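Note that the structure is predicted; figures quoted are calculated from it, not measured. Order of the sequence lines fixes the chain letters, A, B, ..., with proteins taken first and strands second; residue numbering starts at 1 for each chain.
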Amino acid sequence: MAERLLYADVVIVGGGIAGTAIARELSQYELDVILLEKEIELCFGVTKATHSFIHCGLPEEDTPLINKLSLESNPMFNQLCKELDVPFMRVGKLYTVMNKNEIKILEKIKEKGDIVGVPNLEIVNKEKLREMEPNITDKAVAALYTPTTGLVSPWELVIALAENAMENKVKIMLNTKVTQILPQEDDVFIIKTNRGFIKSKFLINAAGLFADEIANMIGEDNFVMIPLKEERYILDERITGLVNHLIRSPITGDFISPTKKELAPIENNIIMGCVPQKIKDKTDATTSKEGFKRVFNYAKEMFPSISAKDIITSFAGSVPLNSRTNDYIIEPSQRVPKFINAILGGIGVTASPAMAKLIVEILISQGLKLIKKQNFNPYRKGIPDFRTLPEEERKALIAKDPRYGHVVCRCETVTEGEIVEAIRRGARTVDGVKYRTKAGMGRCQGGFCGPRVIEILARELNIPVTEVTKKGNNSRLLLFKSKELLRKNWR
Amino acid sequence: MVLQKADLVVIGAGPAGVAAAIKAKEMGVNNVIIMERAEQLGGLLHQCIHNGFGLQYFKEDLTGPEYAYNFIEKAKGLGIKFLLETMALDISPKREITAVSNKEGIINLHPKAIILAMGCRERTRGAINIPGTRPAGIFTAGVAQRFVNVEGFIPGKKVVILGSGDVGMIMARRLTLEGVKVEAMVEILPYVGGLIRNEVQCIHDFNIPLFLEHTVVDVHGTERVKAVTIAKIDKDRNPIYKTKRKIECDTLLLSVGLIPENELSLKAGIKLDPVTGGPIVDETMQTNVSGIFAAGNVVHVHDLVDYVSFEGELAGSNAANYILSQALFPKMKINLKAGEGIRYIVPSTISGQKKATLYMRVLKPDRDVVVKVGDDFLRKHLPIVKPSEMLKIIIPLSKLKMLKDETKELTISCTKGRK
Ligand SMILES: Cc1cc2nc3c(=O)[nH]c(=O)nc-3n(C[C@H](O)[C@H](O)[C@H](O)COP(=O)(O)OP(=O)(O)OC[C@H]3O[C@@H](n4cnc5c(N)ncnc54)[C@H](O)[C@@H]3O)c2cc1C
Ligand SMILES: Cc1cc2nc3c(=O)[nH]c(=O)nc-3n(C[C@H](O)[C@H](O)[C@H](O)COP(=O)(O)OP(=O)(O)OC[C@H]3O[C@@H](n4cnc5c(N)ncnc54)[C@H](O)[C@@H]3O)c2cc1C
């Protein structure tokens, strides 16, 4: 491939929530911004394996930055999600206890929250709790209610941030892995990637679990990233209505939660989770029998009518922790101040809007001149969601493009029109289509629509069916054409 | 689209739906419409290119497409209307149907009766909760069958199959014939899940290593499947770790059961049986919602398509009766209850006024058993039973007439014995 050289004011490494939130924030200014992502699509890192709560900002012991950013970010979500046409809903959380003497724990949490200004915290008694959660176990005695806890689809948010950033002239390069950062010349970074070189005045390290590798490239080696694995289990939407709020144990951290109809992509299903476990392999996304037992036992304890049969899928993801602090690292490198770390950890989706604003402040303090664009467009429209549209709008959509009358995914009622639009906007893989449209997310997990989605991807991308992947790289789905193996074997 | 005129709408053009439509039309129902989501008629049969279909119905050994073709030709000849690539989205308890197609847009129909024949779907990895990574290369056996037989693609060259349902066994043979190495078939139960015929013809005849009382305990590979680890299980179904063995492969197929497809039924307010996962039906195949009938795999998973067709015809003739003269419907007086050794019975209620045909499954395989209806009311000795092979028991009208008037329930059991 011809090596090319590009120029930018700011290069962002990483296309997860951190990178895309920063890209969108910077797109308001007259700047050349390039975002680099090593995977074939955005949001294929840590942010992929979440289903995010937008936490209310209750403070933890030794994480001042997380506390500050999440408290500041929480109220920003209404406007942000409105501008970006991303479903968002404040479901509220109930920190639930099973024992009278544990109410003290709730009171302590509430007191701390009240001091920093988390709005409308309330301790609810057993009766009120049952009113709010009619199916909860009789053993639950009280809860701390945090009404501002919200839910958002991290995928939709990342895609929306990126689409809006691109609308405002940010350049996004996929399949582009940063492999080396050459010593600064004339105050400019030379960034080596598998697709050529980029010169940039500033470099933002938003590489999630791999942020240590990027920092190493400029000689910063005072931390490593440690994956903290969490498992998630999703229940069939049949039991929708069973759980109304995020229910969490303040003691173990175990939880069970609904997601709501309007929220892509695990619509309407109930999700169960469990507290993290430190692991070594950054790519480890395995679920375990032990994890299942733990998660399931908590869910069953809280909602006795849940059965193991209701589980439709499971996944795991790793929260990127750093070895230096328990907090985020959002600051210029001490060695090279124009290299700025934007390293999140837990609850990073929540903290992302305020974190992006903090990055802007840091850039200014490091000498970047920012001029607001005259024609900045803060709005982005999502792909039409056939399933939730009223009948009249459905008709209009089909009249415009009959492919919206062709249902491909029958569990989630996703049409060919939506899938084609997702591919037009950048979906390149079966997982990418799934995250953008929900095709294959339902109870049959792609059993019916999988073959059709593969076919549509091949057709729209003009590639052979055997080249279509699940998630890029070596994840091809169909390895051979029929009879191909026989021919090989006979040779 | 304007409201179509329809007396009967059948949802699903698989063997159940087509047989039902034919029967209703033959009995004099005017406007019969079959609505099918796929591009072609025939349901699942269209991908079942192996033989073994029709031995009961046609007394002939046919392939799936041949079997389906016989019915489809007949339906076309009778002037039954097919709406292809048309998916039913909603049914109300008042029998109002909303459907969508790319040709006609949104379609609203309000027929006099509906027959549900949506078939079933396969259980997936999530449903059985296999630990490990989530790479490409994990498919359900039915999806793989579609890729190989319809689309012309082979998922991989070294395959492990988890579960020994019929689809899995058929695919073990089919893939072997395509040059694929089937490294193992792994089954958690002490016996094969599907038909004996398939065990012999697809597994033993092709020397496929069969691991009974084993399961997959881990999946390896992050991008594409690289291997799976299997292990023997103890009596509580926990893996015995010292029996672990890693098998290199690029594909894992799942043949771990089918689930009736009843999202639409629920929208219509139809009650489902928690054991079968299908609508609770009476001897006329009517559900608890008046005028909505159901037949085929949507009611309970069948192993032989011939019974699906018979069931379709039964639903079709009763739907015709319902449309043409409601008065003919007898009252359902007797509940059928699954007793010892029986997993489920379809139908759940009978009138006692007609010969009753009962389909049922046993809980475990056994030799020399007696199936008993009621308190020694009817008994039948069977030399061998298996959960995978559906039992059919007929109670003749003459027998039913002997029942006392106040009989409200008949329990059916399957216990050891010769007489
Ligand atoms: C199971 C789970 C549940 C969670 N739930 C919540 C929640 O409910 N609420 C909440 O707020 N947070 C939640 N989190 C935390 C949140 O997901 C993370 O804080 C956040 O996703 C981190 O985003 P990121 O952009 O820093 O990382 P990532 O999403 O990993 O983005 C980093 C990107 O950098 C790319 N990259 C790496 N190296 C290179 C390179 N050399 N060149 C180019 N690109 C590179 C990667 O491919 C990746 O796409 C959860 C996390 C997990 C694991
Ligand atoms: C792999 C496999 C191998 C088999 N092998 C044999 C064998 O060797 N011998 C044998 O006798 N039997 C065999 N069977 C069993 C037999 O194929 C099935 O029992 C039979 O196909 C079931 O018929 P059905 O009409 O109930 O459902 P299906 O054939 O599944 O048809 C249901 C139809 O409904 C449509 N539909 C569903 N929802 C909607 C909606 N909302 N709107 C519109 N349309 C909808 C579907 O697209 C489908 O076409 C096999 C089954 C499988 C899966």
Side-chain angles (χ1 to χ4, degrees), chain A residues 233-234 238 283-289 291-292 308-309 311-315 386 391 394-395 398-399 402-407 410-411 413 415-416 430 443-448 450-451 455 465-466 469-490, chain B residues 37-38 85-87 89 98 100-106 108 121-137 139-140 142-143 146-157 175 177-181 217-224 238-239 250-251 259 261 263 266:
Chain A
Y233 293 80
I234 296 168
R238 195 178 59 71
T283 60
D284 177 357
T286 56
T287 47
S288 62
K289 221 175 154 122
F292 169 76
K309 267 197 191 158
I311 295 172
I312 59 170
T313 189
S314 60
F315 60 87
F386 183 83
E391 191 160 312
R394 284 180 171 182
K395 283 182 181 160
I398 299 169
R403 288 176 298 189
Y404 282 95
H406 179 209
V407 176
R410 76 195 209 193
C411 301
T413 321
T415 64
E416 182 176 354
V430 170
R443 56 176 64 83
C444 92
Q445 292 287 302
F448 283 105
E455 200 182 303
V465 167
T466 46
T469 66
K470 181 177 190 299
K471 48 186 173 182
N473 297 325
N474 254 328
S475 66
R476 286 194 305 131
L477 286 147
L478 297 167
L479 303 184
F480 308 98
K481 284 214 202 110
S482 111
K483 309 291 176 278
E484 198 180 326
L485 274 175
L486 289 176
R487 262 178 242 128
K488 278 192 185 139
N489 292 355
W490 288 336
Chain B
R37 203 181 53 92
E85 290 187 77
T86 303
M87 166 139 169
L89 296 176
T98 310
V100 61
S101 92
N102 49 359
K103 287 192 208 78
E104 318 243 11
I106 303 278
N108 298 301
R121 63 165 184 273
E122 296 177 280
R123 292 180 77 195
T124 61
R125 172 179 187 175
I128 53 168
N129 211 2
I130 307 169
T133 55
R134 269 142 197 75
F139 301 94
T140 55
V143 169
R146 183 179 157 150
F147 278 128
V148 177
N149 292 348
V150 183
E151 321 267 343
F153 294 100
I154 309 295
K157 63 178 177 197
L175 287 169
L177 292 172
E178 275 286 343
V180 173
K181 181 94 177 63
V217 295
D218 209 351
V219 178
H220 310 272
T222 50
E223 293 175 353
R224 177 81 196 191
N238 288 318
D250 57 20
T251 305
I259 311 169
E261 181 79 35
E263 284 60 52
L266 288 172

Residue set satisfying salt bridge (Lys or Arg N to Asp or Glu O under 4.0 Å) with A:Arg476, at least two apart, ordered chain then number -> none

When the 4.5 angstrom heavy-atom criterion is applied to B:Arg146 and chain A, the contacting part is side chain

Under 4.5 Å to a heavy atom of chain B? For A:Glu416 that would be neither

OG1 (B:Thr251) and CG (A:Leu478) are apart, to the nearest 0.5 Å, by 9.0 Å

Check: Is the shortest heavy-atom distance from the side chain of A:Thr413 to the side chain of B:Leu89 under 4.5 Å?
Finding: yes

Turns out that what part of B:Leu177 lies under 4.5 Å from chain A's heavy atoms comes down to backbone

Requested in this report: Mind running side chain to side chain contact (heavy atoms under 4.5 Å, CB included) on A:His406 and B:Ser101 for me, showing each step along the way?
Outcome: CA-CA 6 Å; A:His406 179 209; B:Ser101 92; over 6 Å; no

Hits for salt bridge (Lys or Arg N to Asp or Glu O under 4.0 Å) against B:Glu122, two or more places apart or cross-chain, chain-then-number order -> none

query = Can any side-chain N or O of B:Glu151 pair as donor or acceptor with the backbone N or O of A:Pro451 at less than 3.5 Å?
reply = no

Quick one, A:Arg410 with B:Glu261, criterion side chain to side chain contact (heavy atoms under 4.5 Å, CB included). Give me CA distance, side-chain angles, the key distance, then yes/no. CA-CA 11 Å; A:Arg410 76 195 209 193; B:Glu261 181 79 35; 3.3 Å; yes

Counting heavy-atom pairs under 4.5 Å with chain A, the top scorer among B:Lys157, B:Lys103, B:Met87, B:Arg37 is B:Arg37

Comparing B:Thr222, B:Asn238, B:Thr140 against chain A, the one with the most heavy-atom pairs below 4.5 Å turns out to be B:Thr222

CZ of B:Phe147 to CG of A:Leu477, rounded to nearest 0.5 Å, is 7.0 Å

Flag side-chain contact, heavy atom, 4.5 Å: B:Glu104 against A:Ile398 = no

Chain A shares the most heavy-atom pairs under 4.5 Å, among B:Gly221, B:Pro239, B:Ala136, with B:Ala136

Bottom line for A:Lys471: the part with an atom under 4.5 Å from chain B's heavy atoms is side chain

Whatever's closer than 4.5 Å to a heavy atom in chain A on B:Thr98 counts as side chain

Applying a strict 4.5 Å limit to non-hydrogen atoms, the region of A:Leu479 in contact with chain B is both

Applying a strict 4.5 Å limit to non-hydrogen atoms, the region of B:Glu263 in contact with chain A is side chain

Honestly, the part of B:Val180 sitting under 4.5 Å from a heavy atom of chain A is both

Practice prompt. Would you check if the side chain of B:Glu223 reaches a backbone N or O of A:Ser475 as a donor-acceptor pair within less than 3.5 Å?
Written response: no

Max heavy-atom pairs within cutoff under 4.5 Å with chain B, candidates A:Lys483, A:Arg394, A:Glu484, goes to A:Lys483

Separation between OH (A:Tyr404) and CD1 (B:Ile106), nearest 0.5 Å, reads 14.0 Å

